[in-house]
There are 2 protein chains.
Amino acid sequence: MGTAFDDTSRSRQPHRVAIPPAKPFLQTLKSNLKETLFPDDPFRELKKQPSASRKLLLGLQYFIPILEWAPRYTFAFFRADLVAGITIASLAVPQGISLLVWMGGVDSSFVPPLVYAMLGSSRDVAVGTVAVASLLISTMLGKEVSPVENPKLYFQLAVTATFFAGVFEASLGFLRLGFIVDFLSHATIVGFMSGAATVVCLQQLKGILGLVHFTHETDIVSVMRSIFTQTHQWRWESGILGCCFLFFLLTTRYFSKRKSYFFWINAMAPLTSVVLGSVLVYFTHAEKHGVQVIGNLKKGLNPLSITDLAFGSPHLMVAIKTGIITGIIALAEGVAVGRSFAQYKNYHIDGNKEMIAFGTMNIVGSLTSCYLTSGPFSRTAVNYNAGCKTAVSNIVMAVAVMFTLLFLTPLFHYTPLVVLSSIIMAAMLGLIDYEAAFHLWKVDKYDFAVCLGAYVGVVFGSVETGLVIAVAISLVRMLLFLARPKTGLLGNIPNSMIYRSMDQYPNAESVPGVMILQIDAPVYFANANYLRERISRWIDEEEDKLKSRGGSSLQFVILDMTSIGNIDTSGISMLEEVKKNTDRKELKLVLANPRSEVIKKLDKSQFIKTIGQEWIYLTVAEAVAACNYMLHTCNPKHVTTAEANGQDSNV
Amino acid sequence: MGTAFDDTSRSRQPHRVAIPPAKPFLQTLKSNLKETLFPDDPFRELKKQPSASRKLLLGLQYFIPILEWAPRYTFAFFRADLVAGITIASLAVPQGISLLVWMGGVDSSFVPPLVYAMLGSSRDVAVGTVAVASLLISTMLGKEVSPVENPKLYFQLAVTATFFAGVFEASLGFLRLGFIVDFLSHATIVGFMSGAATVVCLQQLKGILGLVHFTHETDIVSVMRSIFTQTHQWRWESGILGCCFLFFLLTTRYFSKRKSYFFWINAMAPLTSVVLGSVLVYFTHAEKHGVQVIGNLKKGLNPLSITDLAFGSPHLMVAIKTGIITGIIALAEGVAVGRSFAQYKNYHIDGNKEMIAFGTMNIVGSLTSCYLTSGPFSRTAVNYNAGCKTAVSNIVMAVAVMFTLLFLTPLFHYTPLVVLSSIIMAAMLGLIDYEAAFHLWKVDKYDFAVCLGAYVGVVFGSVETGLVIAVAISLVRMLLFLARPKTGLLGNIPNSMIYRSMDQYPNAESVPGVMILQIDAPVYFANANYLRERISRWIDEEEDKLKSRGGSSLQFVILDMTSIGNIDTSGISMLEEVKKNTDRKELKLVLANPRSEVIKKLDKSQFIKTIGQEWIYLTVAEAVAACNYMLHTCNPKHVTTAEANGQDSNV
C-alpha cells in the first residue's frame, strides 16, 4: 500500500485530527449570524474607506444606485436606452390597455419605473406588471368584491394589496431575509407559473367567446362548467376574431424565437394586433354585431390614492393575504430575472437591495393608483435584446406610455376586447413551460413531483393551494434527506489507497475483518434513531455475510465521517450507543476524518475520551492501515490471502 | 507526491468517476420508499422461511410477541418476575391513588398492563400512567370542564382523549410513521418535560397549602397570582405536613441515587409516606384541623366505558387535540424508555411495533375506564432494577394493584391529600433535569436554545406553545444547515496527499494557482442561490489575495463534491452558472469525487458534457495532480518554489 501505510507501520504516528480551538460563544454567534444574514458581505467596500464623508457617499450610493452610475452616464448610453425604451413602450401600451380594461382602469407603467430607475441595481430589468401576479390579484380579490358591481371598493382593495406587497417585499430586504424567496425552487416556479397561466388563459375564454356572465372561481372545473352551460351565449364573431389574432400572435412568436434578431417582430405584434383590430372594427362596425369594444378610457396621469388605502375595510385580511402572496411571486420573478441578466452581462446584483427597490416601488405605486409591478421576464428580455444600457430605458418607457395614455386614448375607442384577450392569452401560453417540466422529469423525478403538485394545485384548487403543496413537497424532500440519510459500505479501489462507495464503484474491494461505513448527512435528532438502527443492521448483515462465507470474522468498524457536516446532542448520544453496541460485540469502533464542528462537539461531550484519541484517524486509508496493523501483529490468524496478494501489491 | 501523481504523469489515466447505471424509475421509487418506511426491514426473517404455515406462525408471533416467548417461559423467570411485579406494584398503588384523587376516580393499572404483556416487545417496560402526560390531560381538559362541577363529562372527555391518543399511536405504527416521534429531539424532550413538571409542581401547591379555590390556567403567572391573592386561605398544618413528606421523599431519593442497591428505599418511600400520613391523621384527627383527607374511594374493577366515549360532544375537538398531544408525548417517553433498556440487555425493539402495542393498549384502556398509559421511565427503571425477565412482571403488578383496590381501599380513608400532593411533587422535581440542560449548553448552544424554548413556552404559555416553539426552532436549525451550507478552502497537509479544510488544519498549505473549495451539504433549491454567490465571492477573494501578493494568478477551481449527498435541478443550474462564471474569468472548473446520486443527475442533464468528462476526478489529490501537470507543461512560468520543494518532496 501507499505512503500512509508505510508511515503508520514505521512510526505509528499517522496524521492527527485537529480540534479547532474553542471560540467565545458570542464570537461564534456573531460570525454565524453574519454568514446567515449577510452572506454577500455588502459593506465590504465601505469598511475599506478611511474618511467619513467618503463613507457617507458610498453608503448613499449603496442605497440609491442611481447616484453611482448617473455621473458616468454618456450620450452613447442614452441613444441605446432611447431605442430600448421605445421598444418596450410599444409592448407596454397594449399590455397596459389589456390590464386597464381587465382590472378596472389603472395604469402602472408610469410611476413605478421611475422609482425603480432610482433604486434598482439591475441595468436590464424593465418594470411592469407581472402578468401572473397582477391577474392573480384580480382573481383573488374578484372572489371577494366584483370589479363590475363595486369598482370603487375593488380599486381600494387592489391598491391596498399592492401596498402590503410593497411593505412585505421591502421588509424582507431590510431584514436580510431575501433567502426566503429561494424556498420557491425552480420546479415550484415552473409549475406555479404554468398553473397560473393556465388559469388566466381559461379566464380569457370569457372575452374570446364574448360571454357576459362568468364564474368568479378560478379552478378549471368551475370555469369549464360556466363555459359549457352557456353554449347558447357564445358569440361566433368574437370567437373567430379572437382565434385569428391568437394565431397571428403565436406565429410571430414562433418566428422570433427561431431567429433571435427577429425579436422585434414579437415585440411589435401586440401593438400591430391592437391597431389592426381597431381599424377592422371601425370599418366593419363589428361593435354592433356582438364584438365588444373598449369604448371610452379614462385618460390622464395617475391620481394620488393615499386616501384609498382601505386599512379599515372588513376585507383588509384578504387584501393582506393577496398582497403577500402576489408580492412574493412578483419578487421571485423580478429578482430571478434581474439575476439572470446580470449574469449574462457579468455584473453583480444584491438580492436584498433589489427587494428594497421593488418594495419601495410598490409602496409609492400604491399611493399613486398603481397595481403591483415587478420585473417581468418578457419585457426585460425585449429590453435586453433592444440593447439597453441602464435603467434610463425605464424612464423613456414611462414617458412614452404616459404620452400615449394622455393624448392617444381616443384611438383605442374601437379596439375590440377580444384582441386584448388574445394578447393576454398568447402571453400566458408562452408561460406554460412544458419543456422545462419534461426536463425536470428526465433529470429529477422529485422536482417533477413538486412542479406537478404546484400545477395541479393551482389549476384544480387555488393559487394558495398550489403554492402550499409545492413548498410542502419541497420541504418534505429536504427533511427526508436529513431524516433518512444514505449510508453505505466503502471498499478499496484496486491499486490505490482510495476508499469509495461499493455501490458506485462495483470494483471496490472490501477489507477483510474491517467494515467501513459512510454516513452522508449531518447527524441530527431527526435521524439519530434511524442511524443507530441502520448502523447496527449493517453490522449484523456484515457479520452474517462473513459467517456464511466462513472467512475471517469482523473486528473493526470504521465510520467515515467526511460528509457529516454537523452533529447535535442527540447525534452524540447515538454515537455513544453505537460505541456501547460495538463494545458488546467485541468490535473496535474507529472514526475517520471527523470535521471541525463534529470533533469540537465530540471533544466537549467527552466522547473522544470514551472512544480513545488513538482511534480517530485523518483518513479512511490511515484507519484501515492501523486496523490491518493490529490484525497482523495481534491476531496473525487473520492475515488472509486477499490481504497478502491484493492490497499490499503496490507497496 | 504519492502514487496518484506518478500514475497521472506516467499514464495520464487517473481513476475514473463511475456513473452508476440508471435504474428503472419504479424500482428506485420502491427501494426509496422501503428505506424510508421500512428501514429496519421487519420481515427479513419471514422471507427466509419456505413453508406457509411457518410463515403464518412467524407473522402471528411478529404481531403478538407473547406467542414467541411464552413457550420458552420457565419457573426461574416467573420467580424473578414475581419479585419485580410486587416491587412496582408498591410504587403503583400510591401513585395510582394520587392520580385517582387528582383526576377523578379512575385507575389505569389493571387493563393496560395486561394488553401490553400480550403485544409489547420490550421485556422491561412497566406500564403505567406517564405522570406528565396524564397530568397534561387533566390540565388541558380542566380548562374546558371542571372535574369537580361536572365529573361525568370530564370523565367522558378523558377517556375520549385516551381513545384518540390510542388511535393516533396505533396509526403511526401501522403507517410506519414512527419516525415522526424522532422529530421530538432529546433537547425538546428535556425542556418540555422540565416545563411540564414545573407546571404540575405548581398545581400541587393547591394541595400543599390546602387551598379550595384555584385557577384553571397552567401558566406560572396565573398560578402565582392565584396563590398570592389568597394568602389568608393558606392552611399552615397542611403546609408543614406537606413539606415534611416532601423532605422525606427527596431524602430517600437522594440516598437511593447515590447507592444503586438502595433503589428499594426509593421504591417503598411513597407507600411508606401514605401509611405514615394515614396513621398520623387517624391518631391526631387532623382531618378536623384543616388537613383534607381522601375519604371514601370508589372500589371495584374498571367498568366498561364504551358508551362514555363522547364522539358527539361539542368538546370533541378539545378531546382530540388533547389526545394527540399527550399521545405523542406518552409515546415518545414509552418508546425511548423501551429502547434504552433493550440496549442495556442487548435485544432489539421495533419502534413501529411498540407504537401499535401502546396504541392498542390505550384503545382497550379507553373502553374500560382507563386513562392514558405508557411506559414511564421511573417505574420501568424500578422494574429493571428489581430483576424482571419478561412482561409477566406487568401481569403481577396488575393483579396486585387490583387486589389492593378491590379490598384495601378503606385503609386509605384517612390518607391526607397533602401526602399525595407531596408524592406527585417529589416525582415531578425529579423530572426537572437541570443537569441535562447544562450539558446541552456546554456541548451545543443551539440544542440549549431548543430546550429553553420548550421550557419557557410550557411554563409561561401553554403545553402546545412549548411544543410548537421547540419543534419550530429545531426545524429552523435543520433548514438553516441546508440553506447556509458551510464552504471552505482545502489545503495540502504537509508531506502527504491529503487535502483538508484550512480552517481546521492551519498547517495545510494552499496549492499555487489552484483553489480547492469544499461544499458541505446537498445542493438544493434552498441553497443554490447562496452557493452561487458564495462561490463567486470565494473566487474573487482568492484572486484579490493572489493579486495583492503578486504571485501566480488563479488558474483552476476544484470543487470537492465529497459531501454533496444529492442535488436537484436548481443545484444543477447553479453549477452551470458557476461554470459560465469561471469560463468568463478564464478559470478551469474541476470536479472532485462527485457521488453516485450527483453524477447520475449531472449525466442526465448533460452537465458532464459541458464541463468535460476529463475534468472530473475521483479524488482531490488526482485533480490537483492533473492541474499541476497542466501548469507545469503548458505554463512553465507557474512552477513556484513551493511546489518544487514542499509538495514533491515525498515522491
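Proteins get letters first, then strands, A, B, ... in listed order; numbering begins at 1 in each.
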Region of Asn566(B) in contact with chain A, defined by heavy-atom distances below 4.5 Å: both
CG-OG distance between Leu440(A) and Ser570(B), expressed to the nearest 0.5 angstrom: 8.5 Å
Taking every non-hydrogen atom, the tightest pair across Ile498(B) and Glu622(A): CD1-OE2, 3.8 Å
Residue among Ala526(A), Gly565(A), Pro485(A) with most heavy-atom pairs under 4.5 Å to chain B: Ala526(A)
Short side-chain to backbone donor-acceptor contact, Arg500(A) and Leu618(B), under 3.5 Å: yes
Interface residue of largest heavy-atom contact number with chain A, from Ser563(B), Pro506(B), Gly488(B), under 4.5 Å: Ser563(B)
Structural part of Glu597(B) lying under 4.5 Å from a heavy atom of chain A: side chain
Partner chain A: residue of Gln518(B), Lys604(B), Gln504(B) with the largest heavy-atom pair count (under 4.5 Å): Gln504(B)
Most chain B-contacting option - heavy-atom pairs closer than 4.5 Å, from Thr569(A), Ile599(A), Asp520(A): Thr569(A)
Greatest number of heavy atom pairs closer than 4.5 Å to chain A - which of Ile572(B), Asp568(B), Leu482(B): Asp568(B)
Listed partners of Asp583(B) passing salt bridge (charged side-chain N to carboxylate O under 4.0 Å, His left out), at least two apart: Lys579(B)
Heavy-atom proximity to chain B below 4.5 Å, by part of Ala521(A): neither
Atom of Tyr505(A), atom of Pro594(B) and distance for their closest heavy-atom approach: OH-O, 4.5 Å
Between OH on residue Tyr446(B) and OG1 on residue Thr28(A), distance to nearest 0.5 Å: 15.0 Å
Heavy-atom contact with chain A under 4.5 Å, split by part of Ser501(B): neither
Residue among Ile567(B), Asp503(B), Asn593(B) with most heavy-atom pairs under 4.5 Å to chain A: Asn593(B)
Most chain A-contacting option - heavy-atom pairs closer than 4.5 Å, from Pro522(B), Ala528(B), Ala483(B), Ser536(B): Pro522(B)
Region of Ser573(B) in contact with chain A, defined by heavy-atom distances below 4.5 Å: neither
Shortest non-hydrogen contact between Ser474(A) and Phe525(B), atoms and distance: CB-CZ, 3.2 Å
Option in His439(B), Arg534(B), Met478(B) with maximal non-hydrogen atom pairs under 4.5 Å from chain A: Met478(B)
Heavy-atom proximity to chain A below 4.5 Å, by part of Lys486(B): side chain
Chain B interface, residue from Thr188(A), Thr562(A), Ile564(A), Leu29(A) that has the most non-hydrogen pairs under 4.5 Å: Thr562(A)
Gap separating the OH atom of Tyr524(B) from the CG atom of Asp447(A), nearest 0.5 angstrom: 9.0 Å
Engaged part of Arg595(B) at the chain A interface, taking heavy atoms whose separation is under 4.5 Å: both
